[in-house]
Amino acid sequence: MNKTLVIGAAFVDVIVDVPKLPKTGDDIPGNLKSYVVGGSAFNVFGTLKHEKINTDLFVPVGEGNYANQIKEKMRELKIPIKLPVRGNDNGWDISFIEPGGERSFLTIQGIEQDWKTEWFKTININEYKYFYLSGYEMENENAGKVILKELQKRIPESLLLFDASPRISSISKTIIQKIMKKNVIINCNKEEVNYFMPKGHSLEEKARRIYAKTESPVIVTLGSNGSYYYDGNDHIIPSEKKDKIINTIGAGDTHCGGILAGLNKDMSFKDSVILANRLSGLVVEKESGSL
């Protein structure tokens, strides 16, 4: 049976509409829209459950105001809390949404940066065929080493999807090299791919060089133009055009979830990317950032 483990964080997103991003010295008005439980792993899990995939959410839930909001939301959605921990609150962020729907974050980190080996005693890595891992949890090098060491115990035929995240520039080269191994799908955007391979090469050449290390598909999202992927050949999958974009929070997370959902359904990789494009197109029409 196919089963997926989603590793990462649950956050509280404080969503604020702004007419533009502030510059140094600015004082701009904002409209507080909502407090939403999110985070990359939480959003990926939401996509997989939307597609009725057998999935476990493996995120630390700590102690404090934001952790309490996360606990309440997980109870409401009947999501088991597999990793209750002590010692710190969960992280949160202010998500600034510009009129075109583009988002920018100011993040306050929390317990999700404190990964410990003993946390993995609550699960059996060998139960899972597919894994999701976000770059946000790789920023702290100690946490990254803990998670990657435990993931070495996964069954050889399993697949790990690594979501580079906007924090890829803060991940050490040592960690990036540890990630680029066989049976790891790299998922990134046009800017993030530069941190896996030096600048000065075409997108296609970068993808080929990553593929030579991972022997697995490399996906580069292209915003409204869809997705490029390389699996030994170059492919462009266009996205469905959207007339209305409320915000782009969770679009990349949902795309990752769509890829994993397709693979769990034994779809071809091309059809998995088509599904991912469609689902990420749905989520940009929502305020929550999750399906």
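Between the CG atom in Leu77 and the CZ atom in Phe45 there is a gap of 8.5 Å [rounded to 0.5 Å]. Here the CG-CD1 distance, from Leu57 to Ile81, works out to 9.5 Å after rounding to the nearest 0.5 Å.
Ring pair Phe58/Phe120: centre-to-centre distance below 6.0 Å. Aromatic rings of Tyr229 and Phe269 (six-membered ring for Trp) have centroids within the 6.0 Å cut-off, being under it.
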Identify every side-chain donor-acceptor pair in residues 170-181 under 3.5 Å, counting partners at least two apart or on other chains, and give the distances.
| from | atom 1 | to | atom 2 | distance (Å) |
| --- | --- | --- | --- | --- |
| Ser170 | OG | Arg167 | NH2 | 3.1 |
| Ser172 | OG | Ile175 | N | 3.2 |

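Each salt bridge (charged side-chain N to carboxylate O under 4.0 Å, His left out) pair with one or both residues in residues 73-83, not counting sequence neighbours, appears once here: Lys73-Glu76. A salt bridge (charged side-chain N to carboxylate O under 4.0 Å, His left out) check over residues 53-70, counting only residues at least two apart or in different chains, returns the pairs Lys3-Asp56, Glu63-Arg86.
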Criterion side chain to side chain contact (heavy atoms under 4.5 Å, CB included) on Tyr228 and Leu203, from CA distance to verdict = CA-CA 9 Å; Tyr228 161 87; Leu203 171 60; 4.1 Å; yes
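For Gln113 and Glu137, the side-chain atoms include no donor-acceptor pair closer than 3.5 Å. Residues Thr221 and Asn189 have side chains that never bring a donor and an acceptor to within less than 3.5 angstrom of each other.
Applying the side chain to side chain donor-acceptor pair (under 3.5 Å) rule to Asn194 yields the partners Lys206; only residues at least two apart in sequence or on another chain are considered. Remark: Trp119 pairs with Trp115 by the ring pair (Phe, Tyr, Trp, His ring centres under 6.0 Å) rule, at least two apart or across chains. With sequence neighbours excluded, the residues that form a side chain to side chain contact (heavy atoms under 4.5 Å, CB included) with Asn88 are Ile111, Asp114.
Other residues, nucleotides and ligands contribute at most 12 non-hydrogen atoms within 6.0 Å of the NZ atom of Lys190. Counting heavy atoms of neighbouring residues, nucleotides and ligands inside a 6.0 Å radius, atom NZ of Lys116 exceeds 12 of them.
Minimum interatomic distance between Leu161 and Ile259 (heavy atoms only, all atoms of both residues): CD1-CG2, 3.7 Å.
Residues Leu133 and Val184 are not in side-chain contact: their nearest non-hydrogen atoms beyond the backbone lie 4.5 Å or more apart.
When each of Asp163, Asn187, Thr4 is paired with Tyr132, the side-chain hydrogen bond (donor to acceptor under 3.5 Å, both in side chains) condition holds for Asp163 and for no other.
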